[in-house]
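To start, the structure itself, in structure tokens.
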Amino acid sequence: MAKRALIEREKKRTRLVQKYAAKRTALKKVMDDQSQTQEARYEARLKLQRLPRNANPTRKRNRCALTGRPRGTFRKFGLARSKIREIAFRGEIPGLTKASW
């Protein structure tokens, strides 16, 4: 189980990303628009830099919904590999079976 503070930090980052998503896309659109003046593009770049660092979606980390484990997390299930294995053995994930040959 991951530390509670790490899990809460990720939740905070997720909220920040959602809060600033529209603003980030608008600023990036201005920056990429060649028809804009250099000054307008420069101002957009400065405004983007002033946004909180954790508002950047690349700073988010996928974590297991049950344990908070940061590595080995499957996006499709939102769970760590070990938890997927446990739940699949109990037959609680429809259509997922243990491979054997």
Side-chain angles (χ1 to χ4, degrees):
M1 187 84 180
K3 287 185 178 178
R4 191 85 178 148
L6 299 178
I7 295 170
E8 292 303 318
R9 186 186 305 157
E10 284 303 317
K11 289 179 184 176
K12 182 179 177 183
R13 283 182 181 153
T14 303
R15 286 192 304 268
L16 271 174
V17 168
Q18 291 173 351
K19 180 179 178 182
Y20 288 101
K23 193 170 190 177
R24 285 182 66 82
T25 54
L27 289 172
K28 283 187 167 270
K29 200 173 203 177
V30 171
M31 284 172 38
D32 293 338
D33 189 8
Q34 296 293 326
S35 65
Q36 295 281 338
T37 63
Q38 287 287 343
E39 291 81 20
R41 294 171 65 197
Y42 181 72
E43 284 297 321
R45 193 173 304 121
L46 290 179
K47 286 180 183 176
L48 186 68
Q49 288 175 355
R50 281 189 225 119
L51 293 179
R53 179 177 283 176
N54 286 332
N56 192 346
T58 57
R59 292 184 59 96
K60 274 182 31 181
R61 180 85 175 167
N62 291 334
R63 288 187 174 267
C64 176
L66 299 177
T67 61
R69 181 180 165 84
R71 297 184 181 201
T73 305
F74 285 70
R75 288 181 185 167
K76 184 174 182 178
F77 303 107
L79 300 171
R81 55 184 172 74
S82 57
K83 289 297 169 183
I84 288 177
R85 186 171 187 265
E86 290 174 12
I87 295 171
F89 283 165
R90 290 193 302 248
E92 295 176 5
I93 301 178
L96 193 67
T97 57
K98 181 180 182 294
S100 61
W101 59 89

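Quick note: residue numbers are just sequence positions, from 1. Just so it is clear, the structure is predicted and the values come from calculations on it, not from any experiment. FYI, side chains are in, hydrogens and waters are out, and symmetry mates aren't considered; it's all heavy atoms of this structure.
- Atoms CD and CG, from Glu43 and Leu27 in turn, are 10.5 Å apart once rounded to the nearest 0.5 Å.
- The environment of Arg53 atom CZ is sparse: at most 12 non-hydrogen atoms of other residues, nucleotides or ligands sit within 6.0 angstrom.
- If you take CD on Gln18 and NZ on Lys60, they are separated by 7.0 Å, rounding to the nearest 0.5 Å.
- Heavy atoms of other residues, nucleotides or ligands lying less than 6.0 angstrom from CZ of Phe89 number more than 12.
- The minimum heavy-atom distance linking Ala55 with Val17 is given by the pair O-CG2, 3.6 Å.
- Here the CE-CG distance, from Met31 to Leu46, works out to 10.0 Å after rounding to the nearest 0.5 Å.
- Both Phe74 and Leu66 belong to a single network of hydrophobic side chains, linked directly or stepwise wherever heavy atoms of I, L, V, M, F, W or Y lie under 4.5 Å apart.
- The line from CD of Gln38 to CZ of Arg41 is 5.0 Å long, rounded to the nearest 0.5 Å.
- For the side chain to side chain contact (heavy atoms under 4.5 Å, CB included) with Glu10, the qualifying choice from Glu8, Lys12, Arg13 is Arg13, the only one to do so.
- Note that NZ of Lys3 and CZ of Arg9 are 9.5 Å apart. Values are rounded to the nearest 0.5 Å.
- Annotation: side chain of Leu16 is not in contact with side chain of Arg59 (no heavy-atom distance under 4.5 Å).
- You'll find the side chain of Asn56 reaches within 4.5 Å of the side chain of Arg24, heavy atoms only.
- Annotation: side chain to side chain contact (heavy atoms under 4.5 Å, CB included) contacts of Ala26 (sequence neighbours excluded): none.
- For the pair Arg81 and Arg69, the minimum side-chain heavy-atom distance is below 4.5 Å.
- Taking OG1 of Thr25 as the reference point, atom CG of Leu48 lies at 10.5 Å (rounded to 0.5 Å).
- Taking all atoms of both residues into account, the shortest heavy-atom contact from Thr73 to Cys64 is OG1-N, 3.8 Å.
- Clustering ILVMFWY residues whenever any of their side-chain heavy atoms sit less than 4.5 angstrom apart, transitively, puts Leu79 in the very cluster that holds Leu96.
- Under a cut-off of 6.0 angstrom, the local environment of CZ in Arg50 is crowded, with over 12 non-hydrogen atoms contributed by other residues, nucleotides or ligands.
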